[in-house]
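To start, the structure itself, in structure tokens.
These numbers were taken from a predicted model, which means no experiment stands behind them.
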Amino acid sequence: MKLKSCNFIDCNLEEADFTECNLAEANFDRAVLNRTVFFHTNLEQADFSTAIGYEIDPRHNSLRKARFSLAGVIGLLRPFSIV
């Protein structure tokens, strides 16, 4: 699915499935992303800086120049089981 540059502002996207979507330059401003699936998803230049609850595996998604908050970076590290 092509959702390039979409705005997901103040959205509850819990349990959404974005497998193989093009979400380049998407804006997830204040979006709730608990249990949302990102797999083989283009997230280049997407903005997650105010989103919460996401877990994104950097090994299986394109994240070049995507923006995240410092607290949200934990959602990128979870797949690595870092303690």
Can you confirm whether Arg64 is buried at CZ, in the sense that more than 12 heavy atoms of other residues, nucleotides or ligands lie under 6.0 Å from that atom?
no
On a heavy-atom basis, the closest approach of Ile9 and Arg30 is CG2-NH2, 3.6 Å
With a 3.5 Å cut-off and sequence neighbours excluded, list the donor-acceptor pairs that the side chains of residues 11-19 form with protein atoms.
{"residue": "Asn12", "atom": "OD1", "partner": "Glu14", "partner atom": "N", "Å": "3.1"}
{"residue": "Asn12", "atom": "ND2", "partner": "Glu14", "partner atom": "OE1", "Å": "3.1"}
{"residue": "Glu14", "atom": "OE2", "partner": "Asn34", "partner atom": "ND2", "Å": "3.0"}
{"residue": "Glu15", "atom": "OE2", "partner": "Arg35", "partner atom": "NE", "Å": "3.1"}
{"residue": "Glu15", "atom": "OE2", "partner": "Arg35", "partner atom": "NH2", "Å": "3.3"}
{"residue": "Asp17", "atom": "OD1", "partner": "Thr19", "partner atom": "N", "Å": "2.9"}
{"residue": "Asp17", "atom": "OD1", "partner": "Thr19", "partner atom": "OG1", "Å": "2.5"}

Gap between atom CG of Leu77 and atom CD1 of Ile82 - 0.5 Å precision
5.0 Å
Of all heavy-atom pairs linking Asn61 and His40, the shortest is OD1-N, 3.3 Å
Rounded to the nearest 0.5 Å, what separates atom CD in Glu44 from atom OG in Ser62?
3.0 Å
From CZ (Phe48) to CG (Leu33), nearest 0.5 Å:
6.5 Å
Kindly compute the distance separating OG (Ser49) from CG (Asn27), expressed to the nearest 0.5 Å.
7.5 Å
Using the ring of each side chain (for Trp, its six-membered ring), is Phe28 parallel, tilted or perpendicular to Phe38, with breaks at 30° and 60°?
perpendicular
Kindly say whether Lys4 contributes a backbone atom to a donor-acceptor pair with the side chain of Asn22 at under 3.5 angstrom?
no
Distance, nearest 0.5 Å, that separates CG of Leu3 from CZ of Phe8
5.0 Å
Which value, rounded to the nearest 0.5 Å, describes the distance between Ile74 atom CD1 and Tyr54 atom OH?
9.0 Å
Cluster companions of Leu70 among Ile, Leu, Val, Met, Phe, Trp, Tyr (side-chain spacing under 4.5 Å):
none
Between Leu63 and Leu76, is there a side-chain heavy-atom distance shorter than 4.5 Å?
yes
Which residues pass the salt bridge (charged side-chain N to carboxylate O under 4.0 Å, His left out) test with Glu20, not counting sequence neighbours?
none
Determine whether Val37 and Val32 fall in the same hydrophobic cluster, where Ile, Leu, Val, Met, Phe, Trp and Tyr are linked whenever their side-chain heavy atoms lie under 4.5 Å apart.
no
